[in-house]
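The structure appears right after this line, and notes come after that.
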Amino acid sequence: MRKDCLIGESDAFLSTLDHASQLATIDRPILILGERGTGKELIAQRLHFLSKRWDEPLVSLNCAALSSGTLDSELFGHDAGSFTGAKQRHQGRFERANGGSLFLDELGTAPLTVQEKLLRVIEYGEYERVGGSHTLKADVRLICATNQNPQDLVVEKKFRADLLDRLSFDVIHLPPLRYREQDVLLLAEHFAIKMCQEMNLRYFAGFSYYAQQQILDYDWPGNVRELRNCIERAVFKHNHEEAQIESIQLNPFLSPWEDSQLTSSPSAILNAQKREEQAISLPLNLKQFQIEQEKALLEQALLKSQHHQRKAAEELGITYHQFRGLLKKHQLLTTIKG
Ligand SMILES: Nc1ncnc2c1ncn2[C@@H]1O[C@H](COP(=O)(O)OP(=O)(O)OP(=O)(O)O)[C@@H](O)[C@H]1O
Ligand SMILES: [Mg+2]
């Protein structure tokens with residue numbers, strides 16, 4: 001397992017780190033919650049390496065990657081002949097993690113049958129291999145993570161309430177990157193320097209003011225992972241040690257062709273407007289119509305500016321703060337996708 005360093009100095013991030021450091025020492029199951037790409041795996045590593053089990057194995061398993069039956073035998077192992085194709089005895093992750101920690105990622109996706117077995121291990125410290133007859137002892141500290149809301153999963157009957165109670169001696173909430181404004185440029189520089197090293201560039205000349213504003217204004221729905229990809233891509237394309245990176249391509253999925261159709265051809269815009277005018281028929285609810293128009297224009301401006309909010313505000317002839325206010329009003333702040 002890789003050991004990356006955790007970068008950040010915002011209050012939100014530092015208090016999460018403190019919380020994790022405190023919990024590391026207590027030998028109880030911990031649940032890590034946070035949106036995708038917020039660093040749950042890195043926090044799981046911290047919990048392990050600051051615990052008294054630090055020199056024992058840290059074994060991880062992504063529950064979403066396996067089907068129900070495979071997950072069962074991956075976790076608990078199986079004996080030879082327990083099912084067709086099981087020629088040899090297979091050590092499960094619990095057995096391999098013995099004495100250390102087991103990190104179960106995306107636990108929210110684990111099927112109920114597996115959850116029931118997990119419950120038993122936590123409750124009695126014992127389990128059997130699939131198809132096995134004798135009982136094994138588990139001396140494992142469980143660290144679990146999910147980007148779903150576990151209480152919603154319980155309501156939807158996809159997650160056992162009793163398992164959730166037992167797994168969450170305490171819960172660590174990772175802040176999304178949009179609540180860590182102070183860390184965004186710090187992380188961006190960190191990833192840029194690492195990428196330069198990987199590409200054997202001697203220096204990283206930095207980001208232009210414009211590029212910095214782009215990085216700061218964007219909401220990073222994919223959090224630190226998205227930032228990392230975006231910065232690595234920018235450094236790779238730039239491939240220069242002396243010139244600054246002038247601008248950043250935030251959304252690699254935006255097709256330049258669709259964009260140009262929208263923005264570069266005035267007749268295309270006129271035609272679209274005409275079509276829209278024709279589509280409006282009375283009677284209508286004027287207030288609702290205005291709200292929808294405003295929202296659509298915000299989205300269009302964001303699309304055109306590649307989610308650069310200052311540029312999007314300019315497109316609409318309003319200030320950045322007015323623009324942010326409108327995003328909030330239409331609840332677009334958290335739903336903007338890159
Ligand atoms: N504070 C941080 N400092 C440096 N790198 C970080 C930090 N947080 C996350 N990263 C990097 O961001 C990427 C995503 O982190 P990680 O895999 O831990 O997120 P995750 O929450 O487990 O995501 P997912 O829900 O998609 O599994 C990794 O490349 C990781 O190294
Ligand atoms: Mg993860």
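In what follows, residues are counted from 1 in the order of the sequence shown. Ligands are counted one by one from 1 in listed order, and the atoms in each one are counted from 1 as well.
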*If you measure from atom 25 (O) of ligand 1 to every heavy atom of K40, E35, E226, R180, which option wins on shortest distance?*
K40
*Which option, R36, R225, E41, owns the non-hydrogen atom nearest atom 27 (O) of ligand 1?*
R225
*Looking at the Mg ion (ligand 2), which N/O/S atom of D105 is the nearest one?*
OD2
*asked:* So that I can tick it off, tell me whether R28 and D170 are bridged by a salt bridge, with the cut-off set at under 4.0 angstrom between side-chain N and carboxylate O.
replied: no
*asked:* Within the 3.5 Å criterion, strictly below it, is a donor on S10 or D183 matched to an acceptor on the partner's side chain?
replied: yes
Is there a nitrogen or oxygen of [X] sitting under 3.5 Å from a nitrogen or oxygen of ligand 1?
X    : result
E106 : no
H190 : no
G37  : yes
F13  : no
G39  : yes

_Shortest non-hydrogen separation from Q115 to R160 and the atoms involved_ = OE1-N, 2.8 Å
_Take a 6.0 Å sphere around CZ of R120 and say whether it holds more than 12 heavy atoms from other residues, nucleotides or ligands._
no
*Residues, nucleotides or ligands: over 12 heavy atoms within 6.0 Å of E123 CD*: yes
*Would D105 and K40 satisfy salt bridge (Lys or Arg N to Asp or Glu O under 4.0 Å), going step by step from the backbone distance to the final call?*
CA-CA 9 Å; D105 203 0; K40 295 185 289 296; 5.9 Å; no
Have a look at ligand 1 and work out which part of [X], if any, has a heavy atom under 4.0 Å from it: side chain, backbone, both or neither.
X    : result
I7   : both
F103 : neither
C5   : backbone

Side-chain contact, heavy-atom cut-off 4.5 Å: [X] with [Y]?
X   : Y    : result
D72 : T113 : no
L42 : V224 : no
L75 : L102 : yes

*Is it true that L187 lies under 4.0 Å from ligand 1, counting heavy atoms only?*
yes
*Return yes when A44 approaches ligand 1 closer than 4.0 angstrom through a heavy atom, no otherwise.*
no
Counting each atom of ligand 1 from 1 as listed, which ones have a heavy atom of [X] under 4.0 Å away?
X    : value
L42  : 5 (N), 6 (C), 7 (C), 8 (N), 9 (C), 10 (N), 18 (O), 30 (C), 31 (O)
N147 : 25 (O)
F191 : 5 (N)

*Hey, which of H307, E226, Q213 is the one that makes side chain to side chain donor-acceptor pair (under 3.5 Å) with Y218?*
E226
